[in-house]
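Right, one structure below, let's go through it.
One-based numbering, in listed order, for ligands and for the atoms of each.
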Amino acid sequence: MKVFKFGGASVQDVDHIKHVAKIIEQCKEEKLLIVISAMGKTTNALEKVAEDFFNGRQEHALRLFSDIKKQHLTIAKYLLVLEFNDCIARLSDLFTEVEWLLHDKPVREYNYYYDQIVSVGELLSTSIVSSYLKEVKIDNNWIDVRDILRTDNHFREAIVDWEFTTNAAETLLLPLFEKTNLILTQGFIGSTTDCESTTLGREGSDFSAAIFANIFNAENLTIWKDVEGVLNADPRIFPEAIYLEHLNYAEVIEMAYYGAQVIHPKTIKPLQNKKIPLLVKCFLDTGLPGTRIDGERAIALPPVIILKNNQALISLRTLDFSFIEDEPIRKLYNIFNTLKIKPNLIQTGAIGLQISVDDIPAKIDAFGQKASLYFDVQIEKGLNLLTLRHYNEESLQKHLASKEKVLMQENEVTVQAVYR
Ligand code: ADP
Ligand code: ASP
Ligand code: MG
């Protein structure tokens, strides 16, 4: 059995969906679990709906949602004839679920509403793709992943309940594979024991696909992208980026952890644990070999460049000149844990430390409040974090020499710098 994952870019419009169907058509003789994201930039659009709703701009939220509805209905209209009515009925049910909620007043936390609203993106896209596959006579089974992928109730960053999910996948999905070769489901979303929708964190569909690959011991997982494969840098920022034919799990998990946007950082572990190869293939040119990621030793790599913008540098100092030892560190990590803040870079001194984190204003504000009980807290925003792996003189010179650096760290393989 194989697992495929198509991201938002691969299902962004009518032509792209037709193209996805062609790729699937070529593999329809094998057992295939297909995980799909929301279409194009739908998740961003739904985030705006959630924000408006929560901040009391109900009319505006409904208007934005109505635009999203129209986009999906238009695509369904262009793609479908025989399957049109069934698909519209399913889309309408999904629209209604969200509209009911939007007509209410928010009484729970923001993240809860975010997940109830944003999760519809994947349900809509997969409904349309499933109907289109049927339209072109590719038999498939559409599954609401919320019946399978169980999580806790940390809305927006839900943690997967592997035991429940494995059991549900084996009892509900495996029998379906007796009847059909293709199962189509959503990435990024799951649900709690109370049947409330959850999401796994932005770009989390890669992770969903890896979860299923792990559970089913898949032969491999193919993530279809709009790039040749994994490159040594983001081609949108560094047009001279070079294609990498092979990488090992350890390299990719580091790249993703430091912020390379090509693969979600949680994707690698479930694959590595079962030694399942990850293939990153070009959606636009299926003949290209793509990048293979597995446990094999990688050949010498060129410098790998990862840029993360929007960093906040937090500088902490103990209030009474005590050393940064067990107790202050424990307090600090408690705060990180409570707020789910992930430090990107930490540098420790005698009585202080500096930490670069993604600037999510609500989290940074809450952090400032909690940490100021124990530390003097300074925060500088609007910074960038550049990570260079496998660096050499030339790459250091090219990417870092002229930067106004505020923090830098270096080991044999990796240089990281926070700069203004
Ligand atoms: P999808 O959501 O469709 O799966 P994304 O847009 O999230 O795809 O990811 C693909 C994009 O990731 C590419 O278009 C590319 O600009 C970007 N990217 C960032 N870093 C890399 C990298 N190291 N190699 C390849 N692509 C990268
Ligand atoms: N649709 C979600 C997002 O845009 C999940 C994903 O694409 O992986 O973040
Ligand atoms: Mg994406």
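For ligand 1, the atoms sitting less than 4.0 Å from at least one non-hydrogen atom of Ala9 are 3 (O), numbered in the order shown with element in parentheses. Close contacts of ligand 1 with Lys5, meaning ligand atoms under 4.0 Å from a residue heavy atom, involve 4 (O). Short contacts between ligand 1 and Val230, defined as distances under 4.0 Å to a heavy atom of the residue, involve ligand atoms 24 (N). Heavy-atom proximity to Glu203, at under 4.0 Å, picks out these atoms of ligand 1: 2 (O), 7 (O).
The aromatic ring centroids of His16 and Phe283 lie less than 6.0 Å from each other. In summary, the aromatic rings of Phe53 and Tyr113 are positioned with their centroids under 6.0 Å apart. Proximity of the aromatic rings of Phe336 and Phe367 is defined here by a centroid distance below 6.0 angstrom, and this criterion is met.
The closest approach between a heavy atom of Glu228 and any atom of ligand 1 is not below 4.0 Å. The shortest heavy-atom distance from Ser37 to ligand 1 is not under 4.0 Å. Distances from ligand 1 to the non-hydrogen atoms of Gly229 include at least one value under 4.0 Å.
Protein residues with a heavy atom closer than 4.0 Å to ligand 2 are Ser37, Ala38, Thr43, Glu122, Phe188, Arg202, Glu203, Gly204, Ser205, listed by chain and number.
If you check which protein heavy atom lies closest to atom 6 (O) of ligand 1, you get Arg236 NH1, 4.7 Å.
If you check the side chains of Thr198 and Thr151, you find a donor sitting under 3.5 Å from an acceptor. Counted by atom type alone, Gln347 and Gln409 present one or more donor-acceptor pairs between their side chains at under 3.5 Å. Side chains of Arg146 and Ser197: a donor on one and an acceptor on the other come within 3.5 Å. A donor-acceptor contact closer than 3.5 angstrom is absent between the side chains of Thr96 and Asp93. There is no side-chain donor-acceptor pair under 3.5 Å between Asn111 and His154. A donor atom on one side chain and an acceptor atom on the other are found under 3.5 Å apart for Asn344 and Asp358. Side-chain contact check for Thr185 and Trp142: no donor-acceptor pair (N or O, by modelled atom type) lies under 3.5 Å.
For the residues Val262, Asn232, Leu307, Ile36, the heavy atom positioned nearest atom 27 (C) of ligand 1 is part of Val262. Heavy-atom proximity to atom 14 (O) of ligand 1, evaluated over Asp226, Val11, Ile306, is greatest for Asp226. If you check each of Lys41, Lys225, Arg202 against atom 10 (C) of ligand 1, the one with the closest non-hydrogen atom is Lys225.
In this structure, CG on Leu301 lies 6.0 Å from CG on Leu247, to the nearest 0.5 angstrom. Put simply, CD1 on Ile223 and OG1 on Thr267 are 5.5 Å apart, with the number rounded to the nearest 0.5 Å. Between the NZ atom of Lys331 and the NZ atom of Lys370 there is a distance of 14.0 Å, given to the nearest 0.5 Å. Put simply, CG on Leu221 and CZ on Phe216 are 13.5 Å apart, with the number rounded to the nearest 0.5 Å.
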Intermediate values then yes/no, side-chain hydrogen bond (donor to acceptor under 3.5 Å, both in side chains), Tyr114 and Glu47: CA-CA 7 Å; Tyr114 176 102; Glu47 278 185 339; 2.5 Å; yes
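Both the backbone and the side chain of Leu231 come within 4.0 Å of ligand 1, counting heavy atoms alone. Contacts between Ala241 and ligand 1, counted as non-hydrogen atom pairs separated by less than 4.0 Å, are absent for every part of the residue. Proximity of Asp234 to ligand 1, defined as any heavy-atom pair under 4.0 Å, is shared by backbone and side chain alike.
Polar contact check, Ser10 against ligand 1: no nitrogen or oxygen pair lies under 3.5 Å apart.
Distances from atom 16 (O) of ligand 1 to the protein include at least one heavy-atom value under 4.0 Å.
Around the Mg ion (ligand 3), the protein contributes the following N, O or S atoms at distances under 2.8 Å: Glu203 OE1.
Cation-pi geometry between Lys342 and Tyr257 is met: under 6.0 angstrom from the ring centre, within 45 degrees of the axis.
Ring-plane geometry between Phe95 and Phe65 is classed as perpendicular, the angle between the planes exceeding 60 degrees on a 0 to 90 degree scale with a lower cut at 30.
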